[in-house]
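Let me begin by presenting the structure, written as structure tokens, before commenting on it.
The analysis underlying the following values was restricted to heavy atoms, covering all of them including side chains, and did not include hydrogens, waters or symmetry mates. Quick note: residue numbers are just sequence positions, from 1.
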Amino acid sequence: MRGAAISTVMASCMKMCSLTRVTNRAVSTLGGNKLKVSAEEATVADQEVTRKSFTDLQRERHKQANLSVLISCPPYFNENKFMKYLSQHGKVANHFFYESYGTHAVVEFVERESIDSLRAATRVPHGDDECVVPFKSRLLTLKSDRALDRTSIQCLRQSAVPINELIQKLCKAQDINEQVYTLLDEYQLTDENIRLRFLVSSLIKDVATAYFPEATVDPFGSTVNSFGKLGCDLDLFLDLDNIGKSSTGKAAGSFTSEYLMKHVPSGRVVTQRILSVISECIDNFGPGCTGVQKILNARCPLVRFTHQPAGLQCDLTSDNRIALRSSELLYIYGNYDNRVRALVFALRCWARVHGITSAIPGAWITNFSLTMMVLFFLQKRNPPVIPTLDQLKSLAGKDKFIVDGNDCTFVSDLNKIPPSKNSESIDVLLCDFLEFYGNFDFIKNGINIRKVKSS
């Protein structure tokens with residue numbers, strides 16, 4: 001991140017510094033030592049909890065998704081009778097409702113056999129004027145021959161709170177700390193939204209495995225790295241690596257056998273062809289998938305589409321394994337100390353309001369770059385709030401993780417990372433971040449979260 005463009009943009013930081021310092025002093029005067037104590041207590045509480053590893057959490061989410069169905073519901077019906085109907089097929093572990101082009105229900109069963117029972121009892125629709133594509137998925141439509149006590153259903157919010165409502169909530173906060181954590185609470189992905197995203201991933205996997213039975217589809221990026229905002233895109237990775245690993249290659253006597261497969265000039269061509277075929281399947285057979293675009297000549301070929309029932313813009317790639325590893329690294333930093341995510345969310349919101357970042361491609365700082373700036377700043381504190389990447393690598397022991405020739409080794413167990421000795425409150429960190437980068441020479445220096453050196 002170099003150049004005059006970034007330097008010009010970050011000049012806004014210097015203009016905001018004095019205002020933030022004044023606000024900070026005013027709030028600190030009102031709160032006394034309360035802010036510092038609350039920050040210390042929050043940090044200690046964070047570090048005393050045994051935290052799940054990224055891999056374990058993803059495995060749990062995938063299991064939930066594989067046991068779930070997505071049901072399009074009428075606007076008014078009786079929830080109790082609906083659940084009684086579903087219970088005929090097996091015990092329901094979890095369910096919730098949300099709005100996206102109508103009311104939908106995500107229903108998780110205890111056993112996979114319950115889904116098979118429900119699908120066996122589900123009929124194929126018949127239209128008078130149109131024919132249907134007979135692809136049976138776990139996206140169903142609830143029909144009823146009679147009114148089921150027409151009552152409204154409580155739907156959970158799946159998008160960010162409107163800005164006017166957010167401002168009202170922030171104005172009611174007692175101090176900057178409370179404002180920042182209120183912002184985090186309103187903007188971060190909810191458990192239900194993450195469940196929905198993994199269900200969409202599982203539904204796309206059902207399409208892909210029609211051609212590649214051993215394939216998996218994994219969410220990455222904002223959905224899983226703990227920095228996702230309600231309404232963010234769903235990035236999906238089509239993983240075909242298990243296809244080669246599933247063969248034992250055992251010889252029968254003096255003979256061995258190999259699959260007869262097509263050969264192409266490069267791995268990139270393989271990726272492009274596979275994504276091209278999968279995109280056709282999603283477009284022609286995927287219920288609720290609209291606006292399918294093939295963007296195969298990009299640096300990282302992808303398929304872009306909208307999953308209308310979930311209200312999600314999706315990007316499917318098959319050659320971006322390093323992004324999966326980056327997602328895990330951010331997850332570790334985000335869950336190591338509660339102040340990391342709070343500070344990132346606050347600064348992303350501030351940057352968007354002041355035109356430093358934008359959803360429109362251009363000469364802007366990206367959210368990822370801004371997050372790296374926050375991590376670097378937190379590593380530079382005395383004592384540091386978070387460890388460096390090299391320190392995380394040293395804690396990995398003998399475990400090595402190489403991606404495309406790049407050493408992406410770092411510890412995966414959060415519980416092996418020593419707790420931070422830094423107890424600074426969010427308001428102090430927020431003010432000092434703006435001052436740090438307001439005086440940072442972006443023309444001569446860059447940032448390095450591996451060694452915490454300006455390069």
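G221 and D235 make their closest contact through CA-OD2, 4.4 Å (heavy atoms, listed as atom of the first residue, atom of the second, distance). Taking both residues in full, the closest heavy atoms of A310 and Y98 are given as CA-OH, 3.6 Å, listed atom of the first, atom of the second, then distance. Closest approach of T409 and D399 over heavy atoms only: CG2-O, 3.1 Å. In this structure, I274 and L238 approach most closely via the heavy-atom pair CG2-CD2, 3.8 Å.
Between F376 and Y437, the two ring planes are tilted [angle within 30° to 60°]. Note: H62 and F198 have perpendicular aromatic rings, judged against thresholds of 30 and 60 degrees for the angle between ring planes. The aromatic rings of H89 and Y85 stand perpendicular to each other, their planes meeting at an angle above 60°, with 30° marking the opposite boundary.
Side chain to side chain, N193 and T190 fail the donor-acceptor criterion of an N or O pair below 3.5 Å. A side-chain donor from one of E79 and H95 sits under 3.5 Å from a side-chain acceptor of the other. Between the side chains of T388 and D390, no donor-acceptor pair is found at a separation under 3.5 Å.
Between the side chain of S100 and the main chain of Q308, a donor-acceptor pair closer than 3.5 Å is present. Of the possible donor and acceptor atoms, one in the side chain of T371 sits under 3.5 Å from a partner among the backbone N and O of N367.
Taking 4.0 Å as the cut-off between side-chain N and carboxylate O, K294 and E280 count as a salt-bridged pair. Between K63 and E60 there is no salt bridge, since no side-chain nitrogen of the basic residue lies less than 4.0 Å from a carboxylate oxygen of the acidic one. Remark: D407 does not engage K400 in a salt bridge, criterion side-chain N to carboxylate O under 4.0 Å.
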Test side-chain contact (heavy atoms from CB on, under 4.5 Å) applied to Y181 and L184, step by step: CA-CA 5 Å; Y181 285 107; L184 173 64; 4.2 Å; yes
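Checking each of T223, D191, V224 against R61 for a side chain to side chain contact (heavy atoms under 4.5 Å, CB included) leaves exactly one that passes, namely D191. Tested against Q158, the residues E99, E192, H104 include a single side chain to side chain contact (heavy atoms under 4.5 Å, CB included) partner, E192.
Here Y187 and F345 keep their ring centres 6.0 angstrom or further from each other.
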